[in-house]
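For the single chain, residues carry numbers from 1 onward in sequence order. Both ligands and their constituent atoms are indexed starting at 1 by order of listing.
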Amino acid sequence: QAKAAGRNTLRFFEPNMQALVMARAELEAGLREAVTKEQFCLYYQAQVDGEGRLTGAEALIRWQHPERGVVSPAEFIPLAEETGVILPLGHWVLQTACRQLAKWAAKPDMAHLTIAVNISARQFRLPNFVEEALAILDHHGANPQRLKMELTESVMVEDVEDIVAKMTALKARGVGFSLDDFGTGYSSLSYLKRLPLHQLKIDQSFVRDILSDPNDAAIAKMVVVLAASLGLAVIAEGVETEAQRDFLARQGCHACQGYLFSRPLPLEEFEALRLPR
Ligand code: C2E
Ligand code: MG
Ligand code: MG
Ligand code: MG
């Protein structure tokens, strides 16, 4: 019988497969515990304009694991999305970023900075996402104009009407939207004109070899032209060298984020960054 076979499947797993399943279960349990124990923190990575002046930061989550040290989001965000842990986690990220915005508003040299927060598709699709985000902004007294939300094309796969309505409602309050990892998804270009976006973000996979790979250069150029024709701003991520920055600037992309300016840093280190303002 199928059911019985299903129950016994584990027995027939390769030993390494079983180890994998156990490691996953362990990671999931660890993640849930980490949410209640607040083992997460935000790192901040500089975003600069064409003159190299600091305009804001992208908030990037890190898990401060009691045994493993700092764990990168690449290792736990996919599982957090699958299991739904991303919902409480995403809520925590928004709260923490808004609290930080309010604190910066009181510091003359930080008051103009924006914070860009990555919002998972699953989180954005929550029926009450808009109300929740506005409540968090309100609660911390953060200026919505200083908050940017980074969405990926994956948010567009279903119910675009609903996505547009949510973005429009948040935009009306001043929240900006950036389309992250642009060009790596499989979505069509036709939705682009419907979304109330502010910015396209050129994915780092196109920036890495922009000087040596004509295809990457062509795609980066295309994104810059597309952004301009749609009246959107554009920013490049993963900028590591002056040469990449110059190339992008010659194409018309002046805003940058990458190791050339700063790695993602713990709050205190970010605040101590000596970049022109
Ligand atoms: P992302 O949003 O595309 O973030 C950019 C990633 O590129 C970050 O990796 C950043 O550290 C890295 N990066 C920045 N500049 C450079 C550079 O010059 N060279 C190279 N090689 N890499 C650079 P990170 O911090 O490991 O984050 C990975 C991904 O995890 C993010 O990609 C984002 O999709 C996700 N993520 C991070 N924080 C959050 C969060 O709070 N919520 C959600 N839902 N996802 C998050
Ligand atoms: Mg991002
Ligand atoms: Mg990105
Ligand atoms: Mg990326």
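For Arg277, the CZ atom is densely surrounded, since the number of other residues' heavy atoms within 6.0 Å is greater than 12. Residue His112 qualifies as enclosed at atom NE2: its count of foreign heavy atoms under 6.0 Å is above 12.
Near Ser120, meaning under 4.0 Å from any of its heavy atoms, are these atoms of ligand 1: 44 (N). Near Glu240, the atoms of ligand 1 lying under 4.0 angstrom from a non-hydrogen atom of the residue are 17 (C), 18 (O), 19 (N), 20 (C), 21 (N).
Proximity of Glu237 to ligand 1, defined as any heavy-atom pair under 4.0 Å, is confined to the side chain (atoms from C-beta onward). Counting heavy atoms under 4.0 Å from ligand 1, residue Val93 touches it through the side chain alone. When heavy-atom distances to ligand 1 are checked against a 4.0 Å cut-off, Asp180 comes that close only through its side chain, counted from C-beta outward. Contacts between Asp181 and ligand 1 below 4.0 angstrom, taking non-hydrogen atoms only, involve the side chain exclusively.
Residue contact annotation: Gly90 has no non-hydrogen atom under 4.0 Å from ligand 1. No heavy atom of Arg263 sits closer than 4.0 Å to any atom of ligand 1. Heavy atoms of Pro264 approach ligand 1 to within less than 4.0 angstrom.
The cationic atom of Arg194 (NZ for Lys, CZ for Arg) does not lie both less than 6.0 Å from the six-membered ring centre of Tyr191 and within 45° of the ring axis.
Distances from the Mg ion (ligand 2) to each N, O or S atom of Glu150 single out OE1 as the nearest. If you look at Glu58 and ask which of its N, O or S atoms sits nearest the Mg ion (ligand 2), the answer is OE2. Of all N/O/S atoms in Glu237, OE1 sits nearest the Mg ion (ligand 3).
Judged by distance alone, the side chain of Asn128 and the main-chain N or O of Glu132 form no donor-acceptor pair under 3.5 Å. Counting only distance, with no hydrogens or angles, the side chain of Lys166 and the backbone of Leu126 share a donor-acceptor pair below 3.5 Å.
In summary, Asp180 places an N/O/S atom under 2.8 Å from the Mg ion (ligand 3), meeting the contact criterion. Taking backbone and side chain together, Asp181 holds no N, O or S atom under 2.8 Å from the Mg ion (ligand 2). Note on Ser178: not counted as a metal contact of the Mg ion (ligand 2), no N/O/S atom lying under 2.8 Å.
Evaluated by nearest non-hydrogen atom to atom 14 (C) of ligand 1, the leading choice among Glu58, Gln45, Glu81 is Gln45. By heavy-atom distance, the residue among Ala46, Ser205, Ser262, Pro73 lying nearest atom 24 (P) of ligand 1 is Pro73. Among Glu75, Lys201, Gln204, the residue whose heavy atom sits closest to atom 6 (C) of ligand 1 is Gln204.
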Worksheet item: Does the side chain to side chain donor-acceptor pair (under 3.5 Å) test come out yes or no for Gln45 and Glu58, once each step is laid out?
Response: CA-CA 5 Å; Gln45 186 177 32; Glu58 177 174 6; over 6 Å; no
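Looking at heavy atoms from C-beta onward, Thr114 lies out of side-chain contact with Gln145 at the 4.5 angstrom threshold.
Of the charged side-chain nitrogens involved, none lies within less than 4.0 Å of a carboxylate oxygen, so that Lys103 and Glu271 do not count as a salt-bridged pair.
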